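Below, all heavy atoms of this structure are taken into account, side chains as well, without hydrogens, waters or symmetry copies. Lettering follows sequence order; numbering is per chain, from 1. Note that the structure is predicted; figures quoted are calculated from it, not measured.
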There are 2 protein chains.
Amino acid sequence: MEKINHKITRQPELHHDRHEVLLKNINTHAIEIDHHMKVTLSVDCVIFGFDEHELKILLIRSDLDEYKNKWTLLGDLVDLNEDPDEAAYRILNMRTGLKDVYLEQVHTFGRPHRHPAGRVVSIAYYSLVNIEKCKITTQAHELHWHPVKDIRQMAFDHRQIFDTCFRRLQQAVLERHVGFNLLPAKFSLRRLQNVYEAILGKELDRRNFRKKILAMDILEDLDELEADVQHRPGKLYRFKKIN
Amino acid sequence: MEKINHKITRQPELHHDRHEVLLKNINTHAIEIDHHMKVTLSVDCVIFGFDEHELKILLIRSDLDEYKNKWTLLGDLVDLNEDPDEAAYRILNMRTGLKDVYLEQVHTFGRPHRHPAGRVVSIAYYSLVNIEKCKITTQAHELHWHPVKDIRQMAFDHRQIFDTCFRRLQQAVLERHVGFNLLPAKFSLRRLQNVYEAILGKELDRRNFRKKILAMDILEDLDELEADVQHRPGKLYRFKKIN
DNA sequence: CCAAAAGTGTTACAATTACACCCATGA
DNA sequence: TCATGGGTGTAATTGTAACACTTTTGG
């Protein structure tokens, strides 16, 4: 129910039986929004990139004294007239220079004291980007790609957010094959397999992998070959447009 | 990033290149929370119950003129010092009298104009309850169980929220077998199968279903039989405690 | 004894896994 | 010609799907 009636939980004498309380208030039409009930809304993005054989995420050093030397996810406040999805796109674009990236909402973190500056509720997204296309001026800004396997402590509850998003990515790569989004438009099957292996954290059988992906009929053979490799070059594919 | 620095997106002369803007602000330590950036936070619950052979959800009639005669999910504002998960539990307990219910966060809906009273961002949960144990005084409060198959229009974006939660439940019943939570402690395999069929919206083969569930080794045979049925009674089981 | 649902096993089919050899390229 | 990874097929296993008859109970 979207009824905005903060008084329900504010009448101390009624706290012992909330069930009754709410029933009494159902038809009050009280939709005034109490300013004391407002929270600061932020968005945090776990931005995944795939660099050679490694899965990485983009992190920045915390600018809070309290969390000095800890890494944080990239995030920002949601503007008053902004859809949270748009806010996530904005952050992504600001930080990587990219548009049309893969982005998925994962979970909202709202523990009362998760942020030292006050009540900040954060909607977590993960994003998959082509790391080569990211325009990141890495020196001096403390903005870096971190191998996922090296992630330890992070500021705030960002380690928990990362874990949640990473688990979601592992599901998604199997169920919806979102892994393509980490690669350039043209890629070899070997590179695609590397993506799956990096995300799932285990090796896959090459023949079975190729069979499975090709059977899904989502790849288009470009009749091109890899260049600049010192071995037999692999065929290049691209993700099939949906009809 | 959890840095609270609303100015980033408020400097008009810099809007054309947000990438640069943010980089400049990274080390400002500006964590003041601007009150204009606050939103009202609510929680909405899709409360599922299973009645005989039918999946139902608990709805209440909207108390906004604008949405008169439309049905809404059960929800409330999140209190200032309240974890959103707790708020969802609170709503559930208020509305059904139940504790220890199954509850899962699904998605956060925050389109700027989704609520007529202002900027209300809602975290959606779904919940699975034993419908027989719910203490709902149904008359006069416009609080009713609605068959899922009859759901049409709803107030606000609640139809979308419902759809999202229902899809999630369909996944969850296959992947994590959450369906038990809709039944009493003791149940027959037939009743469990009815739950799966109602959620998935299709009939299942009885023998294959029994084989699969029993092979999972999560049921304990109670050596009891159904009573009050006018046919051969089925065995009763309960969900195995985890070790 | 009839109606209604419980209980049970086998076979076909699909999906997944394991596994080894030849091929094309650059150095 | 050698080192490196690309490319390919088959057999075994596992999981899923299809399917029919006997049993127990209440009426």
Detail all sub-3.5 Å separations between protein N/O atoms and N/O atoms belonging to nucleotides 9-13 of chain D.
| unit_1 | atom_1 | unit_2 | atom_2 | d |
| --- | --- | --- | --- | --- |
| dT10(D) | O4 | Lys211(A) | NZ | 2.9 |

Exercise. So do the side chains of Thr72(A) and Arg61(A) get within less than 4.5 Å of each other, counting heavy atoms only?
Worked result: no

Exercise. In whole angstrom, what separates Lys202(B)'s NZ from dA17(D)'s C1'?
Worked result: 11 Å

Seminar exercise, completed: Checking Glu197(B), Glu132(B), Glu226(B) against Arg191(B) for salt bridge (charged side-chain N to carboxylate O under 4.0 Å, His left out), the one that qualifies is Glu132(B)

Seminar exercise, completed: Separation of dG6(D) atom C1' from Leu214(A) atom CG, nearest Å, is 13 Å

Exercise. Rounded to whole angstrom units, what separation is found between the CG atom of Leu204(B) and the P atom of dA5(C)?
Worked result: 17 Å

Seminar exercise, completed: Taken to the nearest whole Å, CD/Glu203(A) to P/dA18(C) is 12 Å

Exercise. Are the charged groups of Glu86(B) and Arg111(A) less than 4.0 angstrom apart, N to O?
Worked result: no

Give every pair of a protein N or O atom and an N or O atom of nucleotides 21-27 of chain D that lie under 3.5 Å apart, one pair per line with the distance.
| unit_1 | atom_1 | unit_2 | atom_2 | d |
| --- | --- | --- | --- | --- |
| dT23(D) | O2 | Arg232(B) | NH1 | 2.9 |
| dT24(D) | O4' | Arg232(B) | NE | 3.4 |
| dT24(D) | O2 | Arg232(B) | N | 3.4 |

For this session: Determine, stepwise, if the pair Phe187(B) / Phe180(B) fulfils ring pair (Phe, Tyr, Trp, His ring centres under 6.0 Å).
Result: CA-CA 9 Å; Phe187(B) 52 86; Phe180(B) 300 106; 5.8 Å; yes

Problem set entry | Distance in angstrom units between Phe209(B) CZ and dA6(C) P, rounded | 12 Å

Exercise. Just how far, in rounded Å, is C1' of dG9(C) from NZ of Lys212(B)?
Worked result: 18 Å

For this session: Tell me yes or no: between the side chains of Ser42(B) and Ser122(B), is some donor less than 3.5 Å from an acceptor?
Result: yes

Problem set entry | Ring centre gap for Trp71(B) and His158(B) strictly below 6.0 Å | no

Exercise. Once you round it to whole Å, what is the distance between C1' of dG7(C) and CD of Glu226(B)?
Worked result: 12 Å

Exercise. So, does Gln105(A) use its side chain to make a donor-acceptor pair with the main chain of Thr108(B) at under 3.5 Å?
Worked result: yes

Exercise. Hey, which of Lys186(B), Lys240(B), Arg238(B) is the one that makes salt bridge (charged side-chain N to carboxylate O under 4.0 Å, His left out) with Glu220(B)?
Worked result: Arg238(B)

For this session: Have a look at the helix from dC1(C)-dG27(D) to dA27(C)-dT1(D) and give the angle its two end axes make, five pairs each, rounded to 10 degrees.
Result: 0°

Exercise. When all nucleic acid strands are considered with a 4.0 Å heavy-atom cut-off, which category describes Arg190(A): base, sugar-phosphate, or nothing?
Worked result: sugar-phosphate

Exercise. For the pair made of CD1 in Ile213(B) and P in dG7(C), what is the distance, rounded to whole Å?
Worked result: 14 Å

Exercise. Could Asp163(A) and Arg159(A) be called an ion pair, given the rule that one side-chain N must be under 4.0 Å from one carboxylate O?
Worked result: yes

For this session: Apply the side chain to side chain contact (heavy atoms under 4.5 Å, CB included) test between Leu128(A) and each candidate in Val195(A), Val173(A), Leu169(A); give the one that qualifies.
Result: Leu169(A)

For this session: State plainly whether the residues Lys56(B) and Asp51(B) are in salt-bridge range, i.e. N to O under 4.0 Å.
Result: yes

